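If you're wondering where the values come from, they're calculated on a predicted model, not measured in any experiment.
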Amino acid sequence: MNRSGRCLCGAVSFDIQNAPPTFNVCHCDMCRRWTGARFYGYAVPKADLMLKGDAAIVERETSEWAARANCGTCGSPLWYRPLRDGADYVCLSTGLLDDTAGLALAHEFFVDCKATALDPTDETLALTTAQTIAKFAPADEGEPL
């Protein structure tokens, strides 16, 4: 299966060949601060990833053993990448994918750091796309991008 995706502004986009069927979740403090919650990572071999928009990518070493990348134009988190020798993959932000149908959660990391206060509850107000647009979008505009 192939998948595609992009950042919020579209400056960085990608195509994935032989896309894996699973994703992972990381609850570590660094991922929480980077994404605002937990990081949903989609581990893709570098050989199967075709990137477009290299000029917009900003990658930084964020620890002794990992680097994280963002779009330099819109700030979207792009990927987490291990720095160890032989690491031949990146963990793309699953939220960048155009379609997540069929993906299954494989692993959760740093579960002892999980911020359970960020989990929705049954008492949470849950609005559909149409309800959210009706509540927040200006009356003369259509669906936001």
Side-chain angles (χ1 to χ4, degrees), residues 1-133 135-137 142-145:
M1 171 179 235
N2 296 338
R3 292 192 185 268
S4 60
R6 65 178 181 87
C7 66
L8 182 63
C9 71
V12 178
S13 63
F14 56 85
D15 291 303
I16 305 165
Q17 296 177 348
N18 307 311
T22 61
F23 67 96
N24 304 308
V25 175
C26 184
H27 301 281
C28 80
D29 186 58
M30 292 183 78
C31 282
R32 180 180 54 82
R33 292 179 189 283
W34 181 42
T35 66
R38 54 198 62 140
F39 178 63
Y40 292 81
Y42 189 58
V44 176
K46 291 177 187 176
D48 292 336
L49 179 63
M50 281 61 67
L51 279 169
K52 298 174 196 122
D54 289 348
I57 297 170
V58 177
E59 186 179 75
R60 293 179 180 88
E61 289 187 15
T62 52
S63 71
E64 293 178 11
W65 49 283
R68 289 175 171 83
N70 291 75
C71 172
T73 304
C74 68
S76 293
L78 299 175
W79 66 73
Y80 160 93
R81 180 177 63 82
L83 296 175
R84 72 173 186 267
D85 290 339
D88 63 348
Y89 66 94
V90 297
C91 291
L92 292 168
S93 177
T94 305
L96 301 173
L97 295 173
D98 293 328
D99 182 5
T100 57
L103 290 181
L105 177 61
H107 302 97
E108 287 188 76
F109 302 104
F110 293 92
V111 294
D112 55 323
C113 301
K114 187 174 183 178
T116 56
L118 302 177
D119 291 338
T121 65
D122 289 339
E123 295 84 37
T124 304
L125 175 63
L127 301 175
T128 65
T129 300
Q131 291 168 325
T132 303
I133 290 170
K135 184 173 180 74
F136 296 107
E143 188 171 332
L145 298 176

Task: Note, Y80 side chain near V90 side chain (heavy atom, < 4.5 Å) - done: no

Open item on the list: Between Y89 and V44, is there a side-chain heavy-atom distance shorter than 4.5 Å?
Closed with: no

Task: Donor-acceptor contact present, side-chain N70 to main-chain G72, <3.5 Å - done: no

- [ ] For residues C74 and C7, determine if any side-chain heavy atom of one lies less than 4.5 Å from a side-chain heavy atom of the other.
- [x] yes

Task: Side-chain heavy-atom pair E108, K114 within 4.5 angstrom cut-off - done: yes

Open item on the list: Regarding R68 and E59, does a basic nitrogen lie under 4.0 Å from an acidic carboxylate oxygen?
Closed with: no

TODO: Find out whether I16 and Y42 are in side-chain contact, i.e. whether some heavy atom of one side chain is under 4.5 Å from a heavy atom of the other.
DONE: yes

Open item on the list: For the backbone of Y40 and the side chain of T94, can you confirm whether one donor and one acceptor N or O come within less than 3.5 Å of each other?
Closed with: yes

Task: Nearest atoms (heavy-atom pairs only) where S76 meets L8 - done: OG-N, 3.1 Å

Task: Minimum-distance pair of heavy atoms, taken over all atoms of F39 and C91 - done: CZ-O, 3.3 Å

- [ ] Measure across T73 and A11 and return the closest heavy-atom pair with its distance rounded to 0.1 Å.
- [x] OG1-CB, 3.9 Å

TODO: Would you check if V25 and F23 make a side-chain contact, meaning some heavy-atom pair closer than 4.5 Å?
DONE: yes

- [ ] Can you see which heavy atom on S63 is nearest to which on L83, and at what distance?
- [x] O-CD1, 3.9 Å

- [ ] Show your reasoning for whether side-chain contact (heavy atoms from CB on, under 4.5 Å) applies to T22 and L103.
- [x] CA-CA 5 Å; T22 61; L103 290 181; over 6 Å; no

Task: A37 backbone acceptor or donor facing T35 side chain under 3.5 Å - done: yes

Task: Heavy-atom pair with the smallest gap, counting every atom of N2 and N18 - done: OD1-N, 3.4 Å

Open item on the list: Tell me whether R3 is salt-bridged to D15, with the criterion being a basic N under 4.0 Å from an acidic carboxylate O.
Closed with: no

TODO: Could you check if a side-chain atom of L92 sits within less than 4.5 angstrom of a side-chain atom of F14, using non-hydrogen atoms only?
DONE: yes

Task: Which atom of S93 lies closest to which atom of P77, heavy atoms considered - done: CB-O, 3.4 Å

TODO: Could you tell me the separation between the CZ atom of F110 and the CZ atom of R32, rounded to the nearest 0.5 Å?
DONE: 13.0 Å

Task: From R38 atom CZ to F109 atom CZ, the distance as rounded to the nearest 0.5 Å - done: 14.5 Å

Task: L78: which of L51, L96, V58 passes side chain to side chain contact (heavy atoms under 4.5 Å, CB included) - done: L96

TODO: Indicate yes or no: at least one non-hydrogen side-chain atom of R6 is less than 4.5 angstrom from one of K52.
DONE: no

